[in-house]
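In what follows, every heavy atom counts, from backbone to side chain, and hydrogens, waters and symmetry copies are set aside.
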Amino acid sequence: MTWKLQAITDELMGQEIHIDRDMLVGRHQEADILLQSAEISRRHAAFLYKEQALWLQDLNSSNGTFVNDVRIQQETQLHDGDIVQFASLKFALLAPVAEQDIAEIEIEPVHAPVAEAEKTAAQQMNEQGMPSLTERAAEVQVSRDGMPQRVATPKPAPIPEGVDIHAKAEPEPVAIPEPVSRVTQEKEQQKNASIGLVTIIVLVILALLAWVFFK
């Protein structure tokens with residue numbers, strides 16, 4: 001079993017000390033609960049375990065040991081909620097919670113309420129159930145399985161005026177490239193031959209000029 005000390009003095013506020021055996025309190029480095037304060041004696045007090053109960057003993061300290069603001073002179077049994085004080089340093093004592101007590105605590109599941117607006121159509125149908133035959137319209141006939149029969153088929157939407165449903169879609173025109181005539185091909189060939197002949201003549205003239213110039 002582990003008891004707990006919670007500091008309630010300003011300079012130690014929030015600190016916790018666990019007590020699970022006999023423990024020495026003091027300013028000495030070998031103390032189990034070390035309190036570095038000039039008003040604390042080197043061997044100030046001691047926590048003692050006796051028959052599953054926790055006791056506190058003052059060890060002739062200079063500034064005293066207190067339980068619920070009463071200075072103790074001999075071993076004193078402690079209880080849950082006691083205020084233990086060493087000189088001016090105060091602690092609140094919390095008794096351990098037995099595992100059996102924890103097991104006996106029943107935790108009830110918390111179900112968040114579901115708003116009616118958030119329920120799906122399927123949930124609402126499940127809650128309402130299948131309507132009885134008497135609740136259905138009298139003019140609707142049902143089979144033995146409860147399925148409606150002879151239900152009128154809804155009419156299709158009217159066709160707008162001026163629209164011929166039998167008209168065939170006109171094919172889109174496809175561009176066909178114009179064939180190149182034979183005459184055009186002959187002209188292109190003659191033009192290319194003339195250009196080639198002129199080029200050869202120019203090259204020959206340039207060659208002759210170069211030969212005369214460098215001779």
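Here the closest non-hydrogen pair linking F66 and A87 is CE1-O, 4.0 Å. In terms of heavy-atom proximity, I72 sits nearest to T76 at CG2-OG1, 3.4 Å. Annotation for I8 and M13: closest pair O-CE, 3.3 Å, computed over non-hydrogen atoms.
One finds the CD atom of Q6 at 11.5 Å from the CD atom of Q15 (value rounded to the nearest 0.5 Å). Taken from CG in D58 to CZ in F86, the straight-line distance is 9.5 Å, to the nearest 0.5 Å. Between I19 atom CD1 and Y49 atom OH the span is 7.0 Å, to the nearest 0.5 Å. Residue S61 holds its OG atom at 8.0 Å from CD1 of I40, rounded to the nearest 0.5 Å. For the atom pair OG of S37 and NE2 of H44, the computed distance is 9.5 Å after rounding to the nearest 0.5 Å. In this structure, CG in L203 is found 11.0 Å from CG in L208, a value given to the nearest 0.5 Å.
S88 and E39 are linked by a side-chain donor-acceptor pair at a separation below 3.5 angstrom, with hydrogens and angles left out of the test.
Other residues, nucleotides and ligands contribute only 12 or fewer heavy atoms inside 6.0 Å of the CD atom of Q74. The neighbour count for R42 CZ, taken as heavy atoms of other residues, nucleotides or ligands under 6.0 Å away, does not exceed 12. Around atom CZ of R43, no more than 12 heavy atoms belonging to other residues, nucleotides or ligands sit under 6.0 Å away. More than 12 heavy atoms of other residues, nucleotides or ligands shown are found within 6.0 angstrom of CD on E16.
In this structure, W55 shares a hydrophobic cluster with L48, the cluster being traced through Ile, Leu, Val, Met, Phe, Trp and Tyr side chains under 4.5 angstrom apart. Membership of the apolar cluster around L206 extends to V198, V202, as traced through chained side-chain contacts below 4.5 Å between ILVMFWY residues.
R71 is not listed as a side-chain neighbour of Q85, based on a closest heavy-atom distance of 4.5 Å or more. In this structure the side chain of F91 never reaches within 4.5 angstrom of the side chain of T9, judged on heavy atoms. V25 places none of its side-chain heavy atoms less than 4.5 Å from the side chain of M23. Looking only at side-chain heavy atoms (C-beta outward), L56 and V67 come within less than 4.5 Å of each other. Looking at L93 and I83, their side chains never come closer than 4.5 Å, going by heavy atoms from C-beta outward.
A salt bridge links D69 with K90: the closest approach of a Lys/Arg side-chain nitrogen to an acidic carboxylate oxygen falls below 4.0 angstrom.
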*Working for side chain to side chain contact (heavy atoms under 4.5 Å, CB included), residues R21 and D32*: CA-CA 10 Å; R21 54 186 171 82; D32 300 298; 3.4 Å; yes
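Checked against side-chain hydrogen bond (donor to acceptor under 3.5 Å, both in side chains), D20 has no partners two or more places apart in sequence or in another chain.
Here the side chain of N68 pairs no donor or acceptor atom with the backbone of V84 at under 3.5 angstrom.
L94 and L54 fall into different hydrophobic clusters, where Ile, Leu, Val, Met, Phe, Trp and Tyr are joined by side-chain heavy atoms under 4.5 Å apart, directly or via other members. Clustering ILVMFWY residues whenever any of their side-chain heavy atoms sit less than 4.5 angstrom apart, transitively, puts L24 in a cluster other than the one holding W3.
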